[in-house]
Amino acid sequence: MSTLLVTIVIASLSVTTQVATPASTPIPAKIEAFLRNCETNRRGAILQLEHTLRGLRNQEEQTPEVARRIKSIEDDLQVLKANKQPVVSTLSFPPEIGAIGRVPRLNWHIDQVVSDREMIVRCYFNVRTTAVRRFVVRGETKVQSVSFVVRGIETKDLREGSDPPVPQVFEITGRETYSLAGGGSTSIWILEPFDMTVVQAYFPLPGQK
């Protein structure tokens, strides 16, 4: 998780409200797995930011820009360590039904607005691969586009061809054959908003405070 992405995710944490639930309520398996993944993301983000912070503090020249970055990272670390909200990762490649997260890069490209609450978008995943060049194995990052049908989001203010920011959390709920506007059909993933208030009822998991 990059520092920029950490900052964006942290900024979005304040919009979720805490929902109380009886301690005896059993945790659904899907919610428990999701929250454990969020905890892994939180700890990883803390380690990454602490590493970056040490590097900045060890720089000989402490410019105003460096000072601002240090202050920003310190603020982010304070929020992460307080553990008041789940830290949600982006969806991973390849997509899987049941996966929950934010879309990669926190935006998408709108290919087609189908109705007032349905559209076809493309998301761009960074995929790590290995390649052999002159008998040397090298790691490479390639961009893989994946199309989704997004349902449950109002589209009246959205435009085809645009790339709007998308901070919401989604769940991949299925896959189906979809008819294209220009003719033909394709198999496409279904993406729907995920209700984070349901998660808040069980956050944090025991042992994660």
Side-chain angles (χ1 to χ4, degrees), residues 1-12 29-30 32-56 69 72-73 76-77 80 86-112 119-151 153 160-182 184-194:
M1 183 180 291
S2 67
T3 302
L4 175 59
L5 183 55
V6 167
T7 303
I8 293 173
V9 170
I10 288 174
S12 71
K30 180 174 75 172
E32 182 176 11
F34 172 68
L35 285 176
R36 293 196 184 284
N37 183 57
C38 289
E39 176 64 8
T40 299
N41 297 332
R42 184 180 76 92
R43 294 182 180 183
I46 289 173
L47 290 174
Q48 178 184 320
L49 290 177
E50 287 179 338
H51 175 76
T52 302
L53 187 60
R54 285 193 296 270
L56 291 172
R69 289 188 62 195
S72 176
I73 292 174
D76 288 350
L77 281 170
L80 287 168
V87 178
V88 184
S89 68
T90 56
L91 296 168
S92 59
F93 183 89
E96 295 182 353
I97 295 174
I100 302 169
R102 304 179 197 273
V103 298
R105 305 186 183 185
L106 299 181
N107 72 349
W108 55 36
H109 179 82
I110 300 176
D111 283 326
Q112 181 183 350
M119 59 184 168
I120 300 176
V121 306
R122 266 179 291 160
C123 296
Y124 297 92
F125 294 80
N126 290 332
V127 181
R128 292 286 297 172
T129 62
T130 57
V132 178
R133 299 183 186 279
R134 295 184 179 180
F135 307 103
V136 177
V137 178
R138 301 179 185 273
E140 296 181 349
T141 299
K142 295 185 178 180
V143 176
Q144 178 70 50
S145 67
V146 178
S147 294
F148 293 90
V149 172
V150 181
R151 293 174 177 155
I153 296 292
E160 293 180 356
S162 64
D163 300 83
V166 185
Q168 299 101 313
V169 179
F170 292 89
E171 180 178 6
I172 300 176
T173 58
R175 191 169 187 176
E176 66 181 34
T177 300
Y178 201 88
S179 297
L180 302 175
S185 62
T186 185
S187 179
I188 196 167
W189 300 96
I190 303 169
L191 203 60
E192 299 184 75
F194 180 74

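Index from 1, following the sequence.
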Within the 4.5 Å heavy-atom criterion, are Q144 and T129 side-chain neighbours or not? no
Distance from N126 atom CG to K142 atom NZ, nearest 0.5 Å? 13.0 Å
CD1-CZ distance between I190 and R151, expressed to the nearest 0.5 angstrom: 4.5 Å
Might you work through the salt bridge (charged side-chain N to carboxylate O under 4.0 Å, His left out) test for E39 and R42, ending with a clear yes or no? CA-CA 5 Å; E39 176 64 8; R42 184 180 76 92; 2.9 Å; yes
Residues I188 and S147: closest non-hydrogen pair is CG1-O, 3.4 Å
Any side-chain heavy atom of V150 within less than 4.5 Å of one from W108? yes
Apply side chain to side chain contact (heavy atoms under 4.5 Å, CB included) to F34 and V88, showing your working. CA-CA 9 Å; F34 172 68; V88 184; 3.8 Å; yes
Rounded to the nearest 0.5 Å, what separation is found between the CD1 atom of I172 and the CD1 atom of I97? 8.5 Å
Hey, could you give me the OG1/CG distance between T52 and L47, rounded to the nearest 0.5 Å? 11.0 Å
Any chance the side chains of T141 and R128 put a donor and an acceptor closer than 3.5 Å? yes
May I ask you to decide if I120's main-chain N or O and D111's side chain share a donor-acceptor pair within less than 3.5 Å? no
Carefully, step by step, assess L191 and V103 under the rule side chain to side chain contact (heavy atoms under 4.5 Å, CB included). CA-CA 10 Å; L191 203 60; V103 298; 3.9 Å; yes
Side-chain donor-acceptor pairs of residues 160-170 under 3.5 Å, sequence neighbours excluded:
unit_1: E160; atom_1: OE2; unit_2: V113; atom_2: N; d: 2.9
unit_1: S162; atom_1: OG; unit_2: R159; atom_2: O; d: 2.5
unit_1: D163; atom_1: OD1; unit_2: H109; atom_2: ND1; d: 3.4
unit_1: D163; atom_1: OD2; unit_2: H109; atom_2: ND1; d: 3.1

Nearest-0.5 Å distance that lies between atom CG in N107 and atom OH in Y124: 9.0 Å
For residues L49 and I73, report the shortest heavy-atom separation together with the two atoms involved. O-CG2, 3.7 Å
Which heavy-atom pair separates V146 from P95 by the least distance, and what is that distance? CG1-CG, 3.9 Å
Calculate, to the nearest 0.5 Å, the distance between atoms CZ and CZ belonging to R122 and F148 respectively. 12.5 Å
